[in-house]
Every structure is written in structure tokens, then in C-alpha cells.
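For reference, the structure is listed below as C-alpha cells.
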Amino acid sequence: MRDPSSLKQQFLKKWILGLQVCGSGKQNMSILERKEAIKLSADIALASARDGRTRWSRATIANASKHDDNKVLVQHLLAPESESLKKSSIGLVVRDNKRVRCKKILKWSCCVKRVRKSVSQVVLAKSIAKRMVNRKTRVLKSLVPGGEFMDDICLIEETLDYIESLRAQVDVMRTLAKATELVNGK
Amino acid sequence: MINRALLPAGGGENMLHCTDMTVLERQRARIKWQQEQQQQFQLQQQEISYFTELADVFHQAGVHEGGLSEVVTRSVKPDPGLVDNGWNNDHVVGYGVGLPYNNGLGFELNYGAISRTSSCPPEAVAAVAEATVKGSESVVSDMISSGAGRESSKKRKVDKAVAEEDTRDKRIKGCAEQGESKITEKNNNKNSRNNNTNKNSNSNKENSDETSKDNSKVSEVQKPDYIHVRARRGQATDSHSLAERVRREKISERMKYLQDLVPGCDKITGKAGMLDEIINYVQSLQRQVEFLSMKLAAANPRLDFNVDNLFAKEQAFPACSINFPTIGMSSDMTNPAYLQFNPAQQQLVACCGLDMGIDPPDMALKRTTSAPVSIPETFLDSSCFTQTHPPPTWDADLQNLYNVAFDQGRQTSFQTQPFTGSIEASNLKMEM
């Protein structure tokens, strides 16, 4: 696994940067706006900490860049790595999606509906299990950013990385929250 | 398969991309190592006997499939005089875990080298041993004395139990284990991560002998080469089912790693159940992020996290230290040892300590306003520090932290000069 503490350091640094960018903008934001800003900068910071090496991070950045308001934030956070990272993220995501979509269309066009005869218990159970797995895979794909366009193997790898990053994110945020609580409580 | 059995042994920690010793990878390794088999077996025997006489200076490890020659070039220059240093056996097989710690950044590279399969002559090995000795003698002795007995017995048991190439894996793990469990995990993870990146580039050329010999480059481009897979006995041989089988194996391998990562998945064996757990875990993590961001939004009416009072954070550490499950911060590690391993972090902590020593309130203010970006590093590092202390009460821990940090500050005060310079520079950058 990649070094967890350095990941956290990177994430925290970028996150604070992003928050400064957000905070310097509007004043008197409502609590929901603040929460969105916090979460957004956290997500982008986390994704950029991966340097575009994983698909989910690229997908997050691409999604964030779609909205104009976020573009500024993205630019600031990715500034060290330059605009090229952002562009390449979008480009890669588009390319991946296109490829997978083409494959899927091909598959559907070739698939023929089979007539189901009476089947044995074992086969029935197997098909049920398969369907369950497929259903769950679809749910997982909806959870992991950019997951709908990945095949199974990729999906699991990306999930691994994503879980690790999420954990780091939660840890850092939790500690920060506690710290601010203490500061305010004093 | 035997190899599968090995994986959990090194696991129990977060493994992102673990040792990819799939069928294909192992076959490749097998071809390459056919010449080395005898030598390695010998060395393995020697290794086992070495453990019983672990001195302060040397780490014993098997010959690693690895550009140890590469490692040598990166480290201190070799001293062949080391070889006759009173060891009973012919080859001093010494490859130190300490080596990575000498070059903090070289750490990854070294283990990346290890993961490659190439021949490793004894001279190179001895040279590496010498490098190890030169670099990290005292540190290594600490590590060895703390972990030696425990690790050696573990390693011996493991080594005897498995076959040849599997021993190679274990030796990589085991020699790392000599120091601390942290290093072991790091090794495995880095090793496996490098394997994984190699895998992406070598992706499907594993068994083609010629191409697999070229281990120097790691390219991220996936090459559309062919997979050579052997059909197992009694199984279908057409290409579709073979491909299916490879795919299934890959999936199940990765599911195993997920099992280690997601808590509470040890009992579940089916794919569907595992996926269920994974989904639940990811959902809960995402929900936590939402909740925490809401909490932060509520706590900060102005989104100003510049008021990162160093001390507030320091106080939070004892309670929060458990929140940083930094893998590899095993309780065996002592602070000085940890400091030596991470010179970069050491500087940061030193600064933090120095601040507290000199004039806490003023320095804190100065530092918070001038260098908000540097704070995270001290923040996180100090938290790592407190992990080694037991967390009784707040006051006690705060006191500990002050003491520890102050000690470090005294030790490394001379290093703060260049660091503050960089703080000013980063401050300027930010204000632009």
C-alpha cells in the first residue's frame, strides 16, 4: 500500500488550499453551501493526491470540472501539477468511456435471448447467484466514481484504491473536526 | 495453491496492490530462476542458520529476485572486505532492511529493484551487506534486538513449510520482518505495488522469455501481447475457457485483497457476500465524509482554517491518535529510530518542537499566519509521534508531546535554518 501518512499529508495540504480558495470567495455562506464547499474541496484534494493514476480520481476531477463554478477550485488545487493533468483526466475518462460503451453495444447486439428449458436445481442456483453478483456489481459501480465504465477486474482494483483514499480522508477530516471543536470549546 | 496461502500471512494490513504472484507471474519467475535454484536453496539453508546467530550488524536475508545490483549502485559503494567477517559460511548473504531507510526516497526504488527478477551474484550481495552496515548500523541493531527472536522463529517456520519460489516471496517478506512489522508491510506493499505497475506494462507478456528478461523499465502503457496459459489437468482447453479461468483467478485474487482491507470480511467466502460488505463499507465511508463535512461547516462559520492553532491540534492528538492508523507505526518503534528513518519529517517535527520550546504563543501565531501549509505536516507527524505513547490523560500526553518535541528540537536545531527559509518561500508563493 502506498504510504498512508504521506497520502494524508498531501490530502490535508491540498484540502486546506482549496478551502482557502473557497473561503476567499463568497462571504456569509449558508451552512449547506459551506458543507458543499468543504466536501468538494476534500474530494478534489483527495483525487488530485493520486496524480491521475487511478480511474476514479480522474473521474472525480472530470466531474468536478464540468461545473463552471468549480473550475476555479480545480485549477487552484491542480496548479502544481498544471492544467495538463486536468485536461488529461477529462481526456482519459472520455476515452475510457467511449471504449467501454462500444464494447457494450457490440455485446448487446450479438446477444441472443435464450429459451429457458426446465433446468436442474444446481444450474438454477448458479444462475441466481450470478444474477445477484451482477446486481451487486452494478451497485458498486454506481458508488465508485467513474465505475460504470470499468470492467470487473478494474472495478475491484479501483475499489481497493478508493477505499484506502476514503479512509485517509475520513481520518483527516475527523481529526480536523475534533481540533476545531477543541479550539472553539476553549 | 501454495502461493495463495502465503498471501494472508503477509496481510492483515492494507494492501493496495499486493504481490501479484498469479499463475502467470509465477511461471515467469520460475523460468528465470531455474539457474538460480541451487544457489538459492543453499542460501536459504544458510539463512536459517544465520538467524540463530543474529549479530547486531547484519540483516540476513535470502538472495532476492531483484536487481540487488541496482540496489548496490544506489547505495554506498561496496567493500568486499566485509565478506570474511567471521561468518561460518561461504556467502555472506546480507541484505539489509536498513538499506531503504538510508535513502528515504530510494526506499521505493530499492524495493522496486527487488521485485525484478535477475541474477544476484554473491559479491553484489556482500556489497549490499556492507552498504547496509555502513549506513544504518545502530538503527539496525535496535530493530534486530527488538524483533529478532520473534521474527526469526516465525520466518524459520514459514521457510521450512513452503517450496522454492514461495520461499523467495517469504524471504522478501521475512527479511523485512526482521526489523519491524511496519517495514514488512511496507516492503510487501511497495514490492507488490511495483509488481503491479510492472504487471500493467508487462501485462500479458509474462511467459514470453525474451521480453520478460527486460526488467529495467516500468511503463504505464498496456501492451497488447499474448498471454501464454497452460491448461490444467482435466480441464477444458479451448481458448475461451482458458481466458475465463484467467479472468476468474484475477478477480478472486483481488477479492482476497479486498477481504483484508474491509473489516469483518474474513468469514465471508462468496463473491456476493463479499460485494455486499464492500458496498456497505464504501457507503458508510462516504456517509462519514458527508457527516464530517457538515460538522466542519457547522463549526466554522467563516471557513477559515488558517486558525490552525498548533496547540489546539497538539492537544487533540492524544484523543485522535487512534484515528491515524498509520500502518507501520508499530509499537516496537522508538522515536529516535523513527526519526532517523524519515529525515524530512524529522525536520518538520524539529521545527514544531523548537517553536514550542522557545516561545509558544508568539511562535504559534507567527507560524500560523505565515505558513499555514507547513502546519499539516507537523500536525500529522506529531500525531504519529503520540501514537507511540500510551494515551492516558490529556495533560500527561500534552506534557509528553512537549517533551518529545522539545528533545527533537534540541537535537536538530541546526536544521531549522534552511527549513524556515523554505517556509518563507512557500509563504510568498501562497500570497501571490
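Because only heavy atoms are used, hydrogens play no part in the values below, and waters and symmetry mates are left out as well, while side chains stay in. In what follows, chains are A, B, ... by sequence order, proteins preceding strands, each numbered from 1.
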Go through the side-chain N and O atoms of B:Tyr281 and B:Glu277 and say whether any donor and acceptor fall under 3.5 Å apart. no
Under-4.0 Å salt bridge between [X] and [Y]:
X: B:Lys250; Y: A:Asp152; result: no
X: A:Asp171; Y: A:Arg167; result: no
X: A:Glu148; Y: A:Arg138; result: no

Portion of [X] that has a non-hydrogen atom of chain B nearer than 4.5 angstrom:
X: A:Leu32; result: side chain
X: A:Ala177; result: both
X: A:Met173; result: both

Under 4.5 Å from any heavy atom of chain A - which part of B:Phe291: neither
If you tally heavy-atom pairs under 4.5 Å between each of A:Leu143, A:Leu166, A:Val133 and chain B, the highest tally belongs to A:Leu143
Among A:Val144, A:Ile153, A:Asp43, A:Thr159, which residue has the highest count of heavy-atom pairs closer than 4.5 Å to chain B? A:Ile153
Drop me the distance from B:Lys295's NZ to B:Gln288's CD, to the nearest 0.5 angstrom. 11.0 Å
